[in-house]
2 protein chains.
Amino acid sequence: MKNSVDIYTIAEHAGVSKSTVSRVLNNKDDVSETTREKVMEVIKNLNYKPNSSAKGLASQRTKTVGLVVSEITNSFFSMFVKGAEDKAMEENYNIMLANSNWVVEEELKCIRIFEEGRVDGILKISGGGDELLNDYLNSLANKEMPLIVVDRKMDNENIPKVNVDNIDGAYKGTKYLLGLGHKKIAFVKGDDIAASDASIDRVKGYRKALADSNIDYQVIEPGFFDREDAFTATENIIKNHPDITAIFYASDMMAVGGLKALKKAGLKVPEDISVLGFDDIELASIIDPALSTLRQPRYQMGYLGMEKLIDKLEGRPEEVYGEDVIFELELIERESTGPVKA
Amino acid sequence: MKNSVDIYTIAEHAGVSKSTVSRVLNNKDDVSETTREKVMEVIKNLNYKPNSSAKGLASQRTKTVGLVVSEITNSFFSMFVKGAEDKAMEENYNIMLANSNWVVEEELKCIRIFEEGRVDGILKISGGGDELLNDYLNSLANKEMPLIVVDRKMDNENIPKVNVDNIDGAYKGTKYLLGLGHKKIAFVKGDDIAASDASIDRVKGYRKALADSNIDYQVIEPGFFDREDAFTATENIIKNHPDITAIFYASDMMAVGGLKALKKAGLKVPEDISVLGFDDIELASIIDPALSTLRQPRYQMGYLGMEKLIDKLEGRPEEVYGEDVIFELELIERESTGPVKA
DNA sequence: CTGAAAGCGCTTACAG
DNA sequence: CTGAAAGCGCTTACAG
């Protein structure tokens, strides 16, 4: 069962000891230039590939991180993954992928497997707001396993977070609509129970902006972050509040459902009614009319989350990764919003 | 540097030897029921987690497979990943993810890392048609590393493949349009150089269907599998061939670009012109009008690819995984196609 | 059904 | 700057 070419083979061919080979492999600086070159040449000639299990066992580090995502099929999430992946590649870390499909049990299962020394740390992206899971994550973080959480609130100071300011984002969006002259603005919220208080915070931002402008009028319909539910929510809104001139959706996907309902009702966007989304998913710029929205820098968030994790794993000072980072949402104006009708 | 609780700790507490602990851990059948229970209990009590590096080193197997994808952000590809992931989970295999971003060098880099004993086998999804890469894959397959290729042609009998019958799919689509009474059908092809001969084969299918129906009329425009290029291609088609009544796009994403061009030109779909896509990406059913298309069973393809790989890794008989599997495309009728105008 | 022993391929103090 | 030796935490014939 012996591997054909291992570190010992290299040592023999180069006329040195295994220790020395290991040193050049790991770029230790206390090796003479001539030995290093000699060893490198043998490595190249014999096409030697270090065995990562052996390395992992001996060094107690695997140079791989675990990535937990709720749903990789959704480009909203895969954009985080891509950012994280790119950073990992840069730093020569590998990624172990776990797709939880929104199922808490699966998420736990994945994390447990990660704990089997397969992984030096874990990057968790979004995910449900389950209590059981939270407890587990907390216990993890307080123990030995480095953990970073992206796109999600967590009440644990030991877990560095990368997130977005949802209150401010919704505030900004509402203010923008107000600035366009809209006075009757409906809000289609997501799912109150869902992850990261995203929907709750967005509702807060909407309300705050209205209050700051002394506007009493407010209509909030639940769309559950679902396209079809948002379709229904939109039908309800235009039926019950025909005087409304703008609808702000807590996600682009819901806005897309809304657009369809509006079209069905014969309402033109943005001439008759303005539509504002949230997230800036790829679809937002593809759909017709292109959606105005609040952009969430998902690639950067994933990238930064991975950067923090690796900083931690590499033992860099806590100042560089310990602080939470909260990104702002950027307003993207496209075709679905316009000034209120005179 | 010793781990607090290892197999030896368990052995001590249970009053047995490490060998026995290892046996129950690996579900060997030659352990008495009483010892097994005793050991299991200790394992549970001490919350023991086996160290996968040690396991990997000793057993020469990591129970993880490498997944190479071109672009995880694209839901077309992530659907394969999800299928593969689900199957891996079922079989208790882990997934190491590598996103090549379409860059051949990165793809090679990923595969090389996988070779460092991190991975028992590789599942390659789509990807470019580079010669260098092909050679490398061939050399891999002929050596020790199990490899399965999904959504891609490869001239190597030692590499089991899971693919789709593109010629037949395009044939079917064209026949469908013909059946609707269309006689002047344009085809927007993809990228001749791209992976898997997908575009080339689809063009073949289109031509074959026309030939079988004794129709000489044929118009082929390149759209490079790109939305914007397809937009331009569509403008060219309607300008140069105003008598055309249907356009068949080699991908849904191109069809979406086409829809936009058609709308801009004031043409109604499907009243004035029918539009048929290829792939059945999520967007196809979201867009308005919903796209008729040929469905590629990506989830199943990913799932089956992983199944084959694991069958191979588990040493199951070659009959169960050695054969290539070619799926048919399924015609999905939605709103963008209709009978030709009288 | 169970244990002792060798070994998987590396890293890492320690000594020189 | 380099080598010998111990050790990382498992698995796996081998023997009984």
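The chains referred to below are lettered A, B, ... by the order of the sequence lines, with proteins before strands, and numbering in each begins at 1. This structure is a prediction, so every number in the text was calculated from the model and none was measured.
We find that CZ of A:Arg23 is positioned 11 Å from P of C:dT12, with the value rounded to whole Å. Whole-Å rounding puts the A:Ile7 CD1 to C:dC8 P distance at 14 Å. For A:Glu12 and C:dC10, the CD to P distance is 14 Å, given to the nearest whole Å. Taking atom CZ of residue A:Arg118 and atom P of nucleotide D:dC8, one finds them 21 Å apart after rounding to whole Å. Across the protein-nucleic acid pair, B:Asn51 atom CG and C:dC8 atom C1' stand 13 Å apart, rounded to whole Å. A straight line from CG of B:Leu57 to P of C:dC8 spans 9 Å, rounded to a whole angstrom.
Each of A:Lys55 and B:Thr34 was assigned the nucleotide of DNA chain C with the nearest heavy atom; the assignment lying further toward the 5' end belongs to B:Thr34. Remark on DNA chain C: of its neighbouring residues B:Ser19 and B:Ala58, the 5'-side contact belongs to B:Ser19, judged by nearest-heavy-atom nucleotide.
When the side-chain nitrogen and oxygen atoms of B:Ser53 are compared with OP1 and OP2 of D:dG9, none of them lie within a distance under 4.0 Å. OP1 or OP2 of D:dC10 has not a single side-chain nitrogen or oxygen of B:Gln60 nearer than 4.0 Å. Remark: B:Ser17 is in phosphate contact with C:dG3, judged by side-chain N or O atoms under 4.0 Å from OP1 or OP2. Between A:Lys18 and D:dA5, a side-chain N or O to OP1/OP2 separation shorter than 4.0 Å is absent. At D:dC1, none of the side-chain N or O atoms of A:Ser32 fall inside 4.0 Å of OP1 or OP2 (strictly under the cut-off).
Put simply, CG on A:Leu147 and CE on A:Met145 are 9.0 Å apart, with the number rounded to the nearest 0.5 Å.
C:dA13: no Watson-Crick or G-U partner with both key distances under 3.5 Å is found in any strand. When Watson-Crick and G-U wobble pairs are counted only if both distances are under 3.5 Å, C:dA4 pairs with no nucleotide at all.
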message: As a quick check of understanding, evaluate salt bridge (Lys or Arg N to Asp or Glu O under 4.0 Å) for B:Lys87 and B:Glu90, giving each step before the final call.
response: CA-CA 5 Å; B:Lys87 182 62 187 175; B:Glu90 273 177 33; 3.6 Å; yes

CA sep, side-chain torsions, deciding dist, call: A:Tyr321, A:Glu314, side chain to side chain donor-acceptor pair (under 3.5 Å): CA-CA 11 Å; A:Tyr321 63 80; A:Glu314 295 290 333; over 6 Å; no

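Here A:Glu71 pairs with B:Lys82 in a salt bridge; the nearest charged N to carboxylate O distance falls below 4.0 Å.
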